[in-house]
Amino acid sequence: MQIGVDVARAVDNKRVFVVDNDEVIRAALTFILQDENETHELPSVAHALAQGSQRRPDAIVIGVGLLAGNGLDCVTELLTRFPGVKLLIVTPDVKDAVAQSAIARGAHALLTKPFTIESARRKVDRLLGRSVAVGLPVEIR
């Protein structure tokens, strides 16, 4: 099912890895991003490193819980193994200590939960250097 898909982006062929130990979040983000990206759902950093050796990602969306469990050295390893990759951390709180440490180590942005289809797509599009439409709230009286 395609929801609000921009055809130009759908053929742009950017590769995105969704890496999280939370199966529900991983599946939701994969569903949200797969219409406009070549999206791969991966349960661990080890799987991302193995998959990336065959198909280099343009962006990696990774859960903060996975970073907490694996240690923040995996941020450095991902950025080193895949030069130019954009790293997006999924976190329940922008002030989360692990998420902030990941930013300090070179991660590019945070996606806070709860997120919407539009907010997740906009965040990934920005990281991939795609133009993003600005939504203005309209009040009708």
To the nearest 0.5 angstrom, please state how far the [atom1] atom of [X] sits from the [atom2] atom of [Y].
{"X": "L128", "Y": "K14", "atom1": "CG", "atom2": "NZ", "value": "6.0 Å"}
{"X": "T76", "Y": "R105", "atom1": "OG1", "atom2": "CZ", "value": "5.0 Å"}
{"X": "I89", "Y": "Q100", "atom1": "CD1", "atom2": "CD", "value": "10.5 Å"}

Would you find a donor on one side and an acceptor on the other, under 3.5 Å apart, between the side chain of [X] and the backbone of [Y]?
{"X": "R15", "Y": "T39", "result": "no"}
{"X": "T91", "Y": "V94", "result": "no"}
{"X": "R121", "Y": "I32", "result": "yes"}
{"X": "D20", "Y": "D22", "result": "yes"}

Run the side-chain contact (heavy atoms from CB on, under 4.5 Å) test against [X] and tell me which residues pass, sequence neighbours left out.
{"X": "I103", "result": "A107, L110"}
{"X": "T116", "result": "E118, S119"}
{"X": "A109", "result": "L88, K123, L127"}

[X] with [Y]: basic N within carboxylate O range, under 4.0 Å:
{"X": "E38", "Y": "R55", "result": "yes"}
{"X": "D125", "Y": "R130", "result": "yes"}
{"X": "K113", "Y": "D93", "result": "no"}

For residues 61-71, tabulate all N or O donor-acceptor pairs below 3.5 Å that involve a side-chain atom, not counting sequence neighbours.
unit_1 : atom_1 : unit_2 : atom_2 : d
N70    : ND2    : L66    : O      : 3.3

Can you give me the closest heavy-atom contact between S53 and R81, atom names plus distance?
CB-NH2, 4.3 Å

Minimum-distance pair of heavy atoms, taken over all atoms of P57 and G52
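It is CD-CA, 4.1 Å.
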
Evaluate the side-chain proximity of [Y] to [X]: yes if any heavy-atom separation is below 4.5 Å, no if none is.
{"X": "L42", "Y": "R26", "result": "no"}
{"X": "V124", "Y": "L111", "result": "no"}
{"X": "L79", "Y": "V75", "result": "yes"}
{"X": "L49", "Y": "L78", "result": "yes"}
{"X": "V18", "Y": "L33", "result": "yes"}

Within residues 51-96 or reaching into it, pairs that qualify as ring pair (Phe, Tyr, Trp, His ring centres under 6.0 Å) - sequence neighbours excluded
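Sorted pair list comes back empty.
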
Shared hydrophobic cluster, V85 / L72 (ILVMFWY, side-chain heavy atoms < 4.5 Å)
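Same cluster.
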
Can you name the residues that form a ring pair (Phe, Tyr, Trp, His ring centres under 6.0 Å) with H40, not counting sequence neighbours?
F17

